[in-house]
> 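Take a look at the following structure, please.
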Number of protein chains: 2
Amino acid sequence: MSKKSVPAASDTETRATSEHAPDLRLWLRTLACTNLIENHIRSRLRTEFNITLPRFDLMAQLERSPQGLKMGELSKRMMVTGGNVTGITDQLVTEGLVVREDSPKDRRAYIVRLTPEGRRSFRKMAEAHEMWVVELFGGMGEQQRGQLYELLAQLKSSAARIAGSK
Amino acid sequence: MSKKSVPAASDTETRATSEHAPDLRLWLRTLACTNLIENHIRSRLRTEFNITLPRFDLMAQLERSPQGLKMGELSKRMMVTGGNVTGITDQLVTEGLVVREDSPKDRRAYIVRLTPEGRRSFRKMAEAHEMWVVELFGGMGEQQRGQLYELLAQLKSSAARIAGSK
DNA sequence: TTATTAATATCGATGCCTAAAATATCAAAA
DNA sequence: TTTTGATATTTTAGGCATCGATATTAATAA
């Protein structure tokens, strides 16, 4: 649209920009929302429970799997690399919140499990965490949140189709 | 709702969870979308241009401000700490993509600016970057993207009201 | 059995990121 | 002028995250 009055030299680039900028703005807004919320949660986890978000996330995975998880399983579910899981687990072990046990089936592998204290501690934090999220989304109407949920499902599948096929 | 048939001992917690879980799921879905897209972009920037996302983001800020920006301005706009900006800028300087100049007005401050090569290099990358974003959102309809944009505005202001008042 | 290939986890190097402390400068009050 | 408080940046220490390399174990093939 409006090809006229656009300098010929930068035509392609200019048109690409003006046609696609809305998607870029949409992406930047998505990013801004996520960062805003994530930074808030990260900060409160730190000040109120003296824990980091990655550690909280790892514990959340273990809470859902009382039988414990292998390092590789954690890596897959948290969508991070194995080396990363090694480091976070090390920290949690020294804090007494999780334990590494040898797998009876596979001597290469460990089973990571919450300790009783880890479980107790996590439940407290999870309750607070959920309230924070409710608070952060509280300015939106019930219906708007439902719409957002559906639209994000579309976005996820759209992006996954592109990103998935590396 | 449905107070009956809920064990008394965990009543509060259970109800809180069942009532608020939708918001939690909504948040996790938001996070999943963002991570999916961000990781894809990060990976392509790396493989196709051998640059990291933070460096790209810093250059993007400078491109919009041809007169250059102070370190503190960059920090604010990128929503990261000053120490971080120092490190990223150092890298870009050694790569010859940006320069630090003394501020004529304020001897405490630096002005960071793109070099000609930095500007040339950034424009190439930005064009590709925009196409990737268009691709990633391409599975959504025009109207859906518009709705999403509006709903995210609501979310942003809702979250900012909570997160802003530290 | 032996050799090969794949899977599991760790380690080292590198980069991003923050919070807190240190350094330098500015601007205005005493 | 000197002090005081605010501002701008860097430095330091620690945690998070990736990649590539490595050691061990498992599973499979010869």
Side-chain angles (χ1 to χ4, degrees), chain A residues 31 34-35 38-59 61 68-95 97-112 166, chain B residues 31 34-35 38-47 49-59 68-95 97-112 166:
Chain A
L31 196 53
T34 301
N35 287 338
E38 189 169 290
N39 286 338
H40 180 69
I41 290 174
R42 190 188 301 274
S43 153
R44 290 193 79 163
L45 279 176
R46 178 185 170 77
T47 62
E48 298 186 21
F49 295 109
N50 194 38
I51 198 174
T52 64
L53 186 51
R55 290 179 210 186
F56 177 82
D57 287 342
L58 194 151
M59 291 176 78
Q61 292 300 332
L69 289 172
K70 293 196 292 185
M71 300 293 280
E73 263 306 314
L74 277 170
S75 166
K76 244 179 282 175
R77 300 195 189 196
M78 296 174 68
M79 305 204 294
V80 298
T81 58
N84 191 4
V85 172
T86 297
I88 299 173
T89 302
D90 285 347
Q91 294 290 340
L92 289 171
V93 166
T94 71
E95 291 170 12
L97 298 172
V98 309
V99 283
R100 264 191 186 89
E101 294 170 358
D102 292 332
S103 166
K105 302 283 190 184
D106 188 336
R107 280 190 298 173
R108 295 170 299 183
Y110 294 112
I111 303 291
V112 186
K166 321 195 170 183
Chain B
L31 196 54
T34 302
N35 288 338
E38 189 169 288
N39 286 338
H40 180 70
I41 290 174
R42 191 187 300 274
S43 154
R44 292 193 78 164
L45 279 176
R46 178 186 171 76
T47 62
F49 296 109
N50 193 36
I51 198 174
T52 63
L53 185 51
R55 289 178 211 186
F56 177 82
D57 286 343
L58 194 152
M59 291 175 78
L69 288 172
K70 293 195 293 185
M71 300 294 279
E73 263 306 313
L74 278 169
S75 166
K76 245 180 281 175
R77 298 193 189 197
M78 298 174 67
M79 303 205 293
V80 297
T81 58
N84 190 5
V85 172
T86 297
I88 299 172
T89 303
D90 286 347
Q91 294 289 338
L92 289 170
V93 166
T94 71
E95 290 169 14
L97 297 172
V98 310
V99 282
R100 265 195 186 88
E101 294 170 358
D102 293 332
S103 168
K105 301 283 189 182
D106 188 337
R107 280 189 298 170
R108 293 170 302 182
Y110 293 112
I111 303 291
V112 186
K166 318 195 172 191

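Values below: every heavy atom of this structure, side chains too, minus hydrogens, waters and symmetry copies. Letters go in sequence order (proteins before strands), and every chain restarts at 1. A quick note: this is a predicted structure, and the numbers were derived from the prediction, not measured.
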> Do the side-chain N or O atoms of A:Thr81 get closer than 4.0 angstrom to the phosphate oxygens (OP1, OP2) of D:dA17?
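No, because none of the side-chain N or O atoms of A:Thr81 sits under 4.0 Å from OP1 or OP2 of D:dA17.
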> Test side chain to side chain contact (heavy atoms under 4.5 Å, CB included) on A:Thr52 and A:Leu45 and set out the steps.
CA-CA 6 Å; A:Thr52 64; A:Leu45 279 176; over 6 Å; no
> Looking at every strand, decide which applies to B:Gly72 at a 4.0 Å heavy-atom threshold: base, sugar-phosphate, or nothing.
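The answer is sugar-phosphate, as B:Gly72 gets under 4.0 Å only of primed atoms, P, OP1 or OP2.
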> Taking only nitrogen or oxygen atoms into account, show me every contact under 3.5 Å that the protein makes with nucleotides 5-7 of chain D, one pair per line with its distance.
unit_1 : atom_1 : unit_2   : atom_2 : d
D:dT7  : O2     : B:Arg108 : NH1    : 2.7

> Of all the heavy-atom pairs spanning A:Pro54 and A:Ile88, show the shortest one and how long it is.
CB-CD1, 3.7 Å
> Would you please confirm or rule out a distance under 4.0 Å between OP1 or OP2 of D:dT10 and any side-chain N or O of B:Arg100?
yes
> Quick one: B:Leu58 CG to D:dT9 P, roughly how many Å, whole number?
12 Å
> Write down the distance between CE (B:Met71) and C1' (D:dT10), rounded to a whole number of angstrom.
9 Å
> Could you give the OH-to-P distance, from B:Tyr110 to C:dT23, as a whole number of Å?
16 Å
> For the pair made of CD in B:Glu95 and C1' in C:dG15, what is the distance, rounded to whole Å?
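The distance from CD of B:Glu95 to C1' of C:dG15 comes to 12 Å, rounded to the nearest Å.
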> Rounded to the nearest Å, what distance is computed from the CG atom of residue B:Asn84 to the P atom of nucleotide D:dT9?
14 Å
> Output yes when at least one side-chain N/O atom of B:Arg55 is less than 4.0 Å from OP1 or OP2 of C:dC17, else no.
no
> Need one value for A:Ile88: base, sugar-phosphate or nothing, where a base atom within 4.0 Å counts as base even if backbone is also close, heavy atoms only.
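The answer is sugar-phosphate, as A:Ile88 gets under 4.0 Å only of primed atoms, P, OP1 or OP2.
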> Is any side-chain heavy atom of A:Leu69 less than 4.5 Å from a side-chain heavy atom of A:Arg77?
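Side-chain contact under 4.5 Å: yes.
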> With a non-hydrogen cut-off below 4.0 angstrom, is B:Arg42 in contact with a base, only sugar-phosphate, or nothing?
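Since no nucleic acid heavy atom lies under 4.0 Å of B:Arg42, the category is nothing.
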> Starting at atom CG of A:Leu69, determine the distance to atom P of C:dT8, rounded to an integer number of angstrom.
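Whole-Å distance recorded here is 13 Å.
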> Heavy atoms only, 4.0 Å cut-off, all strands: where does A:Thr52 land among base, sugar-phosphate and nothing?
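The answer is sugar-phosphate, as A:Thr52 gets under 4.0 Å only of primed atoms, P, OP1 or OP2.
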> B:Ile51 and B:Phe56: which non-hydrogen atoms are nearest, and at how many Å?
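So the minimum-distance heavy-atom pair works out to CD1-N, 4.1 Å.
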> Kindly give the heavy-atom pair with the smallest separation between A:Val85 and A:Leu74, and that separation in Å.
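Distance-wise, the nearest heavy atoms are CG1-CB, 4.0 Å.
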> When you measure from the side-chain N and O atoms of A:Arg107 to the phosphate of D:dT24, is any distance below 4.0 Å, counting only OP1 and OP2?
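No, no such contact exists.
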> For B:Ser75 and B:Gly82, work out which heavy atoms get closest and say how close.
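That closest heavy-atom pairing would be OG-N, 3.6 Å.
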> Any side-chain heavy-atom pair from B:Arg100 and B:Asp90 closer than 4.5 angstrom?
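In contact.
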